[in-house]
There are 2 protein chains.
Amino acid sequence: MSVGLREVAARAGVSVRTVSNVANGFAHVAPDTRRRVQQAIDELGYRPNSNARQLRRGRTETVSLVVPEIDTPYFAELASLTVRIAEERGWTVHIDQTDGDPDRERRMVAGPVGRSVDGVLCSPWAVSSEELSRLRTGPVVVLGERRAASGLDHVAIDNVAAGVTATAHLLSLGRRRVAAIGAQPHLHNGTARLRLDGYRSALREAGVPVAEGLVARVQTLHRPDGASAMARLLDSGEQVDGVFCFTDELALGAMRTLAERGLRVPEDVAVVGFDDIVDGRWSVPALTTISPDKAQIARMALDCLAARIADPAAPDRDLVAAHRLLVRETASG
Amino acid sequence: MSVGLREVAARAGVSVRTVSNVANGFAHVAPDTRRRVQQAIDELGYRPNSNARQLRRGRTETVSLVVPEIDTPYFAELASLTVRIAEERGWTVHIDQTDGDPDRERRMVAGPVGRSVDGVLCSPWAVSSEELSRLRTGPVVVLGERRAASGLDHVAIDNVAAGVTATAHLLSLGRRRVAAIGAQPHLHNGTARLRLDGYRSALREAGVPVAEGLVARVQTLHRPDGASAMARLLDSGEQVDGVFCFTDELALGAMRTLAERGLRVPEDVAVVGFDDIVDGRWSVPALTTISPDKAQIARMALDCLAARIADPAAPDRDLVAAHRLLVRETASG
DNA sequence: TCGTTGCATTGCAACGTTGCAAACTAGAGG
DNA sequence: CCTCTAGTTTGCAACGTTGCAATGCAACGA
């Protein structure tokens, strides 16, 4: 049957507690005893029962990462990095998927924290930080910019600045009819809003009139939305010589529409994306994009969560990770 | 502090056991008692401690999914589907990442099974099924074709048949210099080998000589490998008018090289990929590919694992999921 | 009246581990 | 020889939950 400390102890002729000491590498175990116990452990193939250990210790060394989708390149990369970096501190990551469903988001933040996981990293779409803050029962760090004092720690890049950079880059190439694809007025998560603010601000700064007809809304941030948004823009009769897409996926979708319409990228229409997903590095032409430092985001978030776990009462923080413009083929001059 | 059954029981004026009965929805609880207990549960915000529950019950209702990479489109999609489908049966999925490291693969299969998880779905790269079978300490289902009696359950598509289909499709378009990109003679996982067998077999069947110079090896299955393999093929002086890539990622990399060399797809070189990842649906031109039924793979694997958990002694099974050729732009006539 | 039945509720023990504090051992010093 | 100290080892209880078996209770039929 199951091999526990009990069985190992019997075999090695020591107490259960001593086996525990050896298994945990405690000091003050006689070398000879350690050897004997270790041998028994190996022979019986003892593996500690993490449930029992966690129950006793009160900590799980596990955090959960709550994202809308795990099969989306951005989140997949972020998840992968988070898992790797968490491993460095001996943490396990439990990845959860909400599909952007508000109830799921609420459940994931309210439910397991402090029970099966020590803390949560949450990237919300449909629920505001304020509400999450009310629901939470343990340490929570939000991935995404803080828009007001919310009672939760936040980690994000400066989306407004990034929006400015992306748009300004298109303007610097001489484009004057720069569209934006990705407005999401229906979402609680304000990321799209911030990028749009950056877009508008860059136009104003350059003295280029902001044409509302050049701002395309989308339901989600995936390729089909980008493709249809691009089609709508072109069909609307607006002149377009540049597009700032709020995600690379939107940009790749838009590029497909442009190709289908016989428009050349970047000659006829320059494109800038956002996220720096792998696909953009390999598209033809390669996608110019805003590259958030995802590893830094993951690391900051985990550090922040660790600090929050250590001191639940500390004032909440608003951390900003780095980003940079990556000039590739779809928008270069 | 922590709210357990004890606290709820005290508040509701019943025994701990009764609270447990209510929390688990057992029959034989008086309506009035149930109401009172439920109210106490709500007021105190009681949430069961899953560690304690699992320790006591001996089951975790959790399975782990062990894949080489979670930020690779194929595995990300598979993981997402697995999580969703597992949810239907009330299971939680713990996603683990091995980076194709043999020691990690061994650890993930040997370690947690029967402890923190009830079973494992493993997609091995570096370790053979036979070895995994020896190491395992609980129910394990391998994602990937079985090459010999291994002592483990397997779920996969018929890679040889798929390789034949892909290659035959290129031949049917009149291509006679069909290359293959993706041979991986260094890996223990035999998938590439099987697809290569299919490729050769289709050529033979069509009476087209198999030129070994047209088979390109790769280290990994990602875009850069596809790009450099394509470059090597073109530089080698071999005539090429069609390529069967063993993954879509390889194909997308190859397409980038073709574009850089000024070769048109599909006019000059037709391309067929494998996996049907989202990126291929949106590339320009859109990628013709072999589409494995990933949802079916996930479902079969979970069903199979459930059966294995229910009866650890049952003979091992070899399940075959469906696949089909998806003709898009890179190879159509 | 008394056992019988069936529902409702309960106490006890145990899952495998670790914190705590006590107990033991051997060698050093008085 | 005894005490002290430092180094080892141990027993007990508890983490929060559920399985088991027993108990209490009311209504029932004989």
Side-chain angles (χ1 to χ4, degrees), chain A residues 1-38 40-41 44-62 90 111-118 137-138, chain B residues 1-38 40-41 44-62 90 111-118 137-138:
Chain A
M1 267 301 298
S2 169
V3 181
L5 291 177
R6 205 192 320 281
E7 286 72 20
V8 178
R11 170 140 192 156
V14 295
S15 77
V16 171
R17 200 60 184 75
T18 299
V19 181
S20 172
N21 286 338
V22 172
N24 288 291
F26 284 177
H28 299 318
V29 176
D32 181 56
T33 310
R34 164 160 282 134
R35 212 185 29 70
R36 221 167 62 249
V37 171
Q38 189 59 54
I41 287 177
L44 294 175
Y46 165 76
R47 289 162 306 130
N49 181 317
S50 50
N51 272 317
R53 171 174 289 178
Q54 288 166 14
L55 173 60
R56 186 63 248 240
R57 289 188 178 164
R59 279 171 304 106
T60 62
E61 310 291 337
T62 298
V113 200
R115 292 303 192 162
S116 49
V117 302
D118 295 339
T137 57
Chain B
M1 267 302 297
S2 169
V3 180
L5 291 177
R6 204 192 321 281
E7 285 73 20
V8 179
R11 170 141 191 155
V14 296
S15 78
V16 171
R17 200 60 184 78
T18 299
V19 180
S20 173
N21 287 338
V22 172
N24 289 291
F26 285 178
H28 300 317
V29 176
D32 180 57
T33 310
R34 165 160 281 138
R35 213 184 30 70
R36 223 168 60 251
V37 171
Q38 189 60 54
I41 287 178
L44 294 175
Y46 166 76
R47 287 162 305 132
N49 181 317
S50 48
N51 274 315
R53 172 174 290 177
Q54 288 166 14
L55 173 61
R56 186 63 248 246
R57 289 190 180 163
R59 277 170 307 105
T60 63
E61 310 291 338
T62 298
V113 201
R115 292 301 192 161
S116 49
V117 302
D118 295 339
T137 57

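In what follows, chains are A, B, ... by sequence order, proteins preceding strands, each numbered from 1.
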- Item | Bracket string, DNA chain D, 5' to 3' - pairs by Watson-Crick or G-U geometry under 3.5 Å, | interstrand | ||||||||||||||||||||||||||||||
- Message: I need the NE2-P distance between H28(B) and dT9(C), as an integer number of Å.
- Response: 11 Å
- Below 3.5 Å, does any donor atom in the side chain of R56(A) face an acceptor in the base of dT18(C), or the other way round? yes
- Starting from P on dT17(D), measure out to CG on N49(A) and report it in whole angstrom. 17 Å
- Going by number, which of residues 30-38 of chain A have a non-hydrogen atom under 4.0 Å from DNA chain D? A30(A), T33(A)
- Round to the nearest Å and state the distance from R57(B) atom CZ to dC15(D) atom P. 20 Å
- Message: Quick check on contacts: within residues 19-26 of chain B, what sits under 4.0 Å from DNA chain D by heavy-atom distance?
- Response: S20(B), N24(B)
- Query: Quick one: L5(B) CG to dT10(C) C1', roughly how many Å, whole number?
  - Reply: 14 Å
- Just compare dT17(C), dT17(D), dT9(D) and give me whichever is closest to any side-chain atom of Y46(A). dT17(C)
- Query: Nearest-Å distance, CG (N51(A)) to P (dC15(C))?
  - Reply: 15 Å
- By side chain to side chain donor-acceptor pair (under 3.5 Å), which residues pair with R6(A), not counting sequence neighbours? none
- Item | Atom pair OG/CG of S50(B) and L55(B) - distance to nearest 0.5 Å | 11.5 Å
- Heavy-atom nearest pair, N51(B) first then Q54(A), reads OD1-OE1, 2.9 Å
- Note on the structure: Scanning both residues in full, the closest heavy-atom pair of Q38(B) with V22(B) reads OE1-CG1, 3.9 Å
Using a cut-off of under 3.5 Å, enumerate the N/O to N/O pairs linking the protein to nucleotides 21-27 of chain C.
none

- Query: Quick one: R47(A) CZ to dT17(C) P, roughly how many Å, whole number?
  - Reply: 11 Å
- Closest approach of T137(A) to R47(B) (non-hydrogen atoms, all atoms of both residues): OG1-NH1, 3.4 Å
- Message: On a heavy-atom basis, which atom in V8(B) and which in Y46(B) lie closest, and how many Å separate them?
- Response: CG2-CB, 3.6 Å
- Establish, with yes or no, whether the OP1 or OP2 oxygen of dT9(C) is under 4.0 angstrom from a side-chain nitrogen or oxygen of S15(B). no
- Sugar-phosphate only, base, or nothing, as touched by R17(B) at under 4.0 Å among non-hydrogen atoms: base
- Tell me the salt bridge (charged side-chain N to carboxylate O under 4.0 Å, His left out) pairs involving residues 9-21 of chain B, sequence neighbours left out? R11(B)-E43(B)
- Task: Could you pull out the closest heavy-atom pair between V117(B) and T60(B), with the gap in Å?
- Result: CA-OG1, 3.5 Å
Dump the pairs, protein N or O against N or O of nucleotides 24-26 of chain D, anything under 3.5 Å, distances to one decimal.
none

- Query: A9(A) and V19(A): which non-hydrogen atoms are nearest, and at how many Å?
  - Reply: CA-CG2, 3.6 Å
- Message: Once side chain to side chain donor-acceptor pair (under 3.5 Å) is applied, do any residues pair with E7(A), and if so which ones, sequence neighbours excluded?
- Response: none
- Check whether any side-chain heavy atom of R53(B) sits under 4.5 Å from a side-chain heavy atom of N24(B), and report yes or no. yes
- R56(A) meets the side chain to side chain donor-acceptor pair (under 3.5 Å) criterion, sequence neighbours left out, with none
- Take the protein atom CZ of R6(A) and the nucleotide atom C1' of dT18(C), then report the distance between them rounded to whole Å. 14 Å
- Here the distance between atom P of dT17(D) and atom CG of L55(A), to the nearest Å, is 9 Å
- Message: Please report the interatomic distance CG(L44(B)) to CG(L5(B)), rounded to the nearest 0.5 Å.
- Response: 11.5 Å
- Any salt bridge (charged side-chain N to carboxylate O under 4.0 Å, His left out) pairs touching residues 26-37 of chain B, not counting sequence neighbours? D32(B)-R35(B), D32(B)-R36(B)
